[in-house]
Amino acid sequence: MRITLDKTLVELKPESPQEVKELDALWKVIIDCVKTNKKLVPIGEYLPGEKEIARFNIED
């Protein structure tokens, strides 16, 4: 997954068929065309070399 950051804009570009499916599933959870969209809120720490997983909670 390629992640690009431009000021406040974050772009996620899948680089494999599996990542396409995973990003599509995430998109469908976060985006709701009828109701309110959800947001990703970071939790915990991401420390390269120590904690290799960045975690986010999905909130209303």
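Keep in mind that the numbers below use all heavy atoms, side chains included, and drop hydrogens, waters and symmetry copies.
Distance check, rounded to the nearest 0.5 Å: NZ of K21 to OG of S16 gives 9.5 Å. Between atom CG of residue N57 and atom CD1 of residue I43 there is a gap of 5.5 Å, rounded to the nearest 0.5 Å.
Partners of D24 according to the side-chain hydrogen bond (donor to acceptor under 3.5 Å, both in side chains) rule, which considers only residues two or more places apart in sequence or in another chain, are K28.
The minimum heavy-atom distance linking E19 with E15 is given by the pair OE1-N, 2.7 Å. The two residues D60 and K39 have their closest heavy-atom pair at O-CE, 3.8 Å.
Using a 4.5 Å heavy-atom cutoff, the side chains of I58 and V29 are in contact.
A continuous path of ILVMFWY side-chain contacts below 4.5 Å connects L40 to W27, so both sit in one hydrophobic cluster. Under the 4.5 Å side-chain heavy-atom criterion for Ile, Leu, Val, Met, Phe, Trp and Tyr, F56 and L26 are members of the same hydrophobic cluster. Connection of L23 to I3 is established within a shared hydrophobic cluster, with ILVMFWY side chains joined at heavy-atom distances below 4.5 Å, either directly or through further cluster members.
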**Report entry** side chain to side chain contact (heavy atoms under 4.5 Å, CB included) assessment of T36 paired with K38
**Finding:** CA-CA 7 Å; T36 304; K38 295 180 169 80; over 6 Å; no

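Distance alone, capped at 3.5 Å, places no donor-acceptor pair between the E11 side chain and the T4 backbone. Side-chain atoms of D32 come within 3.5 Å of backbone N or O of K35 as a donor-acceptor pair.
The environment of I53 atom CD1 is sparse: at most 12 non-hydrogen atoms of other residues, nucleotides or ligands sit within 6.0 angstrom.
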